[in-house]
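Data first, discussion second: the structure below is written as structure tokens.
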Amino acid sequence: MRSAIKFKTLFGTLASKNLRTYLQTCGSLLKTLTENRRIAVGMALHGHLIKIGLSSERFIAIRLLIMYLDSRKSDEVSEIVKGFDGFDSTVHNCLINASIQWGNLNEARRLFDEMRERNEVSWTALISGLMRCGRVDESMWYFERNPFHNVVSWTAGISGLVQNGLNVEALKLFLKMLGSGVRPNDATFTSVVRACAGYGEIGWGMSVLGLIVKTGYEHNLSVSNSLITLCLKMGEKALARRVFDQMEKRDVVSWTAILDMYVGAGDLREARRIFDEMPERNEVSWSAMIARYSQSGHPEKALKLFLQMIQSGFIPNRSCLASILSTLATLEALRVGMNIHAHVVKIGFEKDVFISSSLIDLYCKCGETKDGRTAFDSIPEKNVVSWNSMVAGYCLNGQMEEAKELFDSIPAPNNISWNTMVGGYLENKQFDKVFEVFNEMLLCGETPNISTFSSVLSGCASIASFEKGKNLHGKAIKHGVQYDVFVGTALADMYAKSGDIESSKSVFDRMPEKNEISWTVMIQGLAENGFAAESLFLFEEMKRTSTVAPNELMLSSVLFACSHTGLIDEGLRYFNSMEAVYGTKPKGRHYTCVVDMLSRSGRLVEAEELLKSMPFQPESNAWAALLSGCNRHKNEEIAERTAKKLSELAEKNSSGYVMLSNIYASAGKWTDVMEIRRLMRDRGLKKSGGCSWVEVRNEVHCFYSEEASHCQLAAIYDMLQLLRVEMLAIEE
DNA sequence: CTAGGGTTAG
């Protein structure tokens, strides 16, 4: 927006200013337009410059060349290139840079090789360009053959290594540079400090700091900025703040760095305060704040800030677009997301891996896997994140075959890829596949992490697989993650579901950090394993000692525990205070628990009253609980009404029929039982089958009550028969 | 040649 205004005033000032100033203004305007991808405006300016005969001024022509190279307008590029009187090294260098940026390495080399005179800029362009593309070895090959060993090329090598995460190599190169007698400058120190921060070794940082002070660079803006990051990486927040406070001049980078410090500590309020107070903001500062809101679970705030940013006239760059698309994915805001997508296509960013991965995520989270796949297929150079996003998208929508097929074709899966598959099978309740993929993962030599363990252990909990669970516990100990919140919770759940409440409790007690799920799992585990008093005690302890708020599931367990220990009045007290104290309206299952509790103890009238007073349809289980209470406490009158109610409900699902038939059976009313079975047959209802299983040598064998499904069923029955005969023989 | 911000799993 600003550049457009600048552009308009430019025409007016032509006459009044001298030519040199005018050209410089045009040049810097072209630069701004290129950076902000306002190519249409740039082309208009180009047309104007042709008209007034200034377009072939060298300085302008190079700016135009860079603009057209950047926007890949090849016709315009060749037009400009023709205008040059042969290729001088500057033009060559521009072309080399562009070729590298487009990933056309051969072209870059060809250009480099055909040059008559390679100056230091050409060498540095190739070295840093190759580094930017991650081709470290090739870059170093040129680095070693570079005849111009000046600060700039040394710094290009060092910073390139840092950008590729090779911090130690960067530091080694820095030492070599010092040895060769070349003096480092501010740019060198900035990169070296970043290398120290990445290396995480405090000693290096301090030595470099000493050198910086000695050479008098400690008040340089860039160096100070990188020092702030170094302090933050080493966990020295106070020191970072001191460096910031002592700076003579601060820029957006300094402010953004210190902003990120507060955000990183989880103090979004202080971060926001700093953000609001920053004397200068640019699109990066906005992006930082937006990204952090999004990552910290405040997507609405992120979106609001994004809108404010646009209104303030800032143009979102790649990072910001990637963040906001991810935010919209979280919010499942398909409409807005599609608008942004259109914008992204318009400015030619749709091939950016960060943006396209977010787009995949957006479409998949909104249930549109086909559109997600289209976004995926249109990425020319996919990275592992692109693949993972698509696989995760399929998992999310239950398309596990597609997910597995795509997963198998990932060129270099990382542990997130594996974890996505493991988690996907878990979410879709294909537990056998959870273990299958997990084993495959181990065979491939991939190291399981916290996420892996928590998923696989949840799988064990779901099928109550004690053997596998214990085995995994061992592995978790080996990896030192057994008391992590996620892993610990999954372990406690697995042990509780397998009936080993001792082990469950011992893991739980040792977890330093417990979240809502951890407490829920343990309270539930105790209640369901018959440790009602302990369950209630733990619930009270949680309220006393933690910040976790009681949830519906915990209250179900609490009521269940009360019901099973006969603490009727206690249970009623919990139940009646659910809304007022715990802020949750009782759901069907809570009513069922209370009805069951009252019925068991013979308070049948109260139970029936409660059922009648419910604001919504009770679960059929609740009627069944009452009926079974009537049976036990011999109340024919209520029993009759309840049975009637239950058979009405039974019209809709089979469980009512089954319960009713069981109750009649236990009362010996066989004609009624047969009548119900007949009704079920007539309506085509089937009892959902029971299932039990045993684990033998790490394999789970299932047995269903209705169908003969096991492949060795005949052999198993033979063996049973044999055992029975032997047992009878012993008895005799 | 340089510092701050970006995507995926749990």
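These numbers were taken from a predicted model, which means no experiment stands behind them.
Checked against B:dG5, B:dG4, B:dT7, the side chain of A:Q295 finds its nearest nucleotide in B:dT7. Comparing B:dA9, B:dC1, B:dT7 by their closest approach to the side chain of A:S358 singles out B:dT7. The nucleotide whose nearest atom lies closest to any side-chain atom of A:N388 is, among B:dT8, B:dG6, B:dG4, B:dT8. Of the candidates B:dG6, B:dT2, B:dA3, the closest approach to any side-chain atom of A:R318 belongs to B:dG6. Distance from the side chain of A:V284 is smallest for B:dG4 among the nucleotides B:dT2, B:dG4, B:dT8. Of the candidates B:dT7, B:dT2, B:dG4, B:dG4 carries the atom nearest the A:T229 side chain, counting heavy atoms from C-beta on. Side-chain proximity of A:A322 to the nucleotides B:dG10, B:dG6, B:dT8 is greatest for B:dG6. Listed nucleotides: B:dT8, B:dG6, B:dC1. Nearest to the side chain of A:I416: B:dT8. When distances are taken from the side chain of A:S454 to each of B:dG10, B:dC1, B:dA9, the shortest belongs to B:dG10.
Contact annotation: A:S326 side-chain N/O to B:dT8 OP1/OP2 distance is under 4.0 Å. For A:R194, a side-chain nitrogen or oxygen approaches OP1 or OP2 of B:dA3 to under 4.0 Å.
Distance A:H219 NE2 to B:dA3 C1': 17 Å, rounded to the nearest Å. Note: CG (A:D361) to P (B:dG10) measures 11 Å, nearest angstrom. Atom CD1 of A:I274 is separated from atom P of B:dG5 by 15 Å (rounded to the nearest Å).
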Residue pair A:R273, A:E270: steps toward the salt bridge (Lys or Arg N to Asp or Glu O under 4.0 Å) verdict:
CA-CA 5 Å; A:R273 206 179 60 77; A:E270 182 65 13; 2.8 Å; yes
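If you check distances only, the side chain of A:N317 never reaches the base of B:dG6 with a donor-acceptor pair under 3.5 Å. Counting atom types as modelled, A:S323 pairs no side-chain N or O with a base atom of B:dG6 as donor and acceptor under 3.5 Å. The base of B:dG10 lies outside donor-acceptor range of the side chain of A:N449, with no N or O pair under 3.5 Å. One N or O donor and one acceptor, one from the side chain of A:S222 and one from the base of B:dT2, sit under 3.5 Å apart.
Considering only heavy atoms from C-beta on, A:P316 comes within 4.5 Å of A:F306 through its side chain.
Annotation: cation-pi geometry not satisfied between A:R281 and A:W255 (NZ/CZ under 6.0 angstrom from ring centroid, within 45° of ring axis).
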